[in-house]
Asks: 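What follows is a single structure, and I will ask about it in a moment.
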Amino acid sequence: MSKYFKYFEYAYLIIVILFLLKAYDSWPAEPNQTYISLFFVALALGMFFFKRHFRKKIEQNQRDN
């Protein structure tokens, strides 16, 4: 099951890329929309690192038991 979690982590990076492209595209026309997109970029990056840390912690606990 941890293989699925490992691949799902990278979905957050894909989301980061998509929102960065959206932010870049909407910067001149709609600055408020850009800030929302950048907020989601930060949120998705945080989720990526949190999920990766949590998955490694669980794998380490399983190896120790």
Side-chain angles (χ1 to χ4, degrees):
M1 183 99 172
S2 75
K3 284 186 179 182
Y4 296 117
F5 290 130
K6 186 181 236 182
Y7 294 123
F8 191 70
E9 290 172 12
Y10 294 105
Y12 286 112
L13 292 180
I14 292 170
I15 291 169
V16 166
I17 292 169
L18 291 175
F19 275 107
L20 277 175
L21 290 174
K22 183 176 179 175
Y24 178 76
D25 188 42
S26 68
W27 182 262
E30 300 177 20
N32 290 334
Q33 184 71 26
T34 303
Y35 296 134
I36 293 171
S37 296
L38 292 176
F39 169 75
F40 284 119
V41 165
L43 187 67
L45 269 176
M47 287 298 295
F48 169 75
F49 288 115
F50 173 75
K51 292 280 190 174
R52 187 171 77 169
H53 172 73
F54 192 71
R55 179 185 52 84
K56 287 184 178 185
K57 185 177 173 182
I58 289 175
E59 287 177 353
Q60 185 66 32
N61 286 341
Q62 287 177 351
R63 274 188 245 141
D64 291 343
N65 290 334

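This is a predicted model, so every value here is computed, not measured. Starting from 1, each residue takes its place in the sequence as its number.
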Asks: Starting at CG of Leu20, measure out to OG1 of Thr34 and round the result to the nearest 0.5 Å.
Replies: 11.0 Å
Asks: Ignoring hydrogens, what is the shortest heavy-atom contact between Glu9 and Arg52? Give both atom names and the distance.
Replies: OE2-CA, 3.4 Å
Asks: Just wondering, do Ile17 and Leu13 contact through their side chains at under 4.5 Å, heavy atoms?
Replies: no
Asks: Could you check if a side-chain atom of Lys22 sits within less than 4.5 angstrom of a side-chain atom of Gln33, using non-hydrogen atoms only?
Replies: yes
Asks: Any side-chain heavy-atom pair from Trp27 and Tyr35 closer than 4.5 angstrom?
Replies: yes
Asks: Test of understanding: clusters of I, L, V, M, F, W, Y form through side-chain heavy atoms closer than 4.5 Å, transitively. Do Phe19 and Phe39 belong to the same one?
Replies: yes
Asks: Rounded to the nearest 0.5 Å, what separates atom NZ in Lys51 from atom NZ in Lys6?
Replies: 16.0 Å
Asks: Going only through I, L, V, M, F, W and Y residues with side-chain contacts under 4.5 Å, is there a path from Ile36 to Leu21?
Replies: no
Asks: Angle between ring planes, Phe48 versus Tyr10, binned at 30° and 60°: parallel, tilted or perpendicular?
Replies: tilted
Asks: Linking I/L/V/M/F/W/Y whenever any side-chain heavy atoms sit under 4.5 Å apart, do Leu45 and Phe8 land together?
Replies: yes
Asks: Mind listing the closest non-hydrogen atom pair of Tyr12 and Met47 along with its distance?
Replies: OH-CE, 3.6 Å
Asks: Does one hydrophobic cluster hold both Phe54 and Phe49, with members joined at side-chain heavy-atom distances below 4.5 Å?
Replies: no
Asks: Give me the atom names and distance for the closest heavy-atom approach of Leu38 to Ala23.
Replies: CD2-CB, 4.0 Å
Asks: Going from CZ on Arg55 to CD on Gln60, what distance comes out if it is rounded to the nearest 0.5 angstrom?
Replies: 12.0 Å
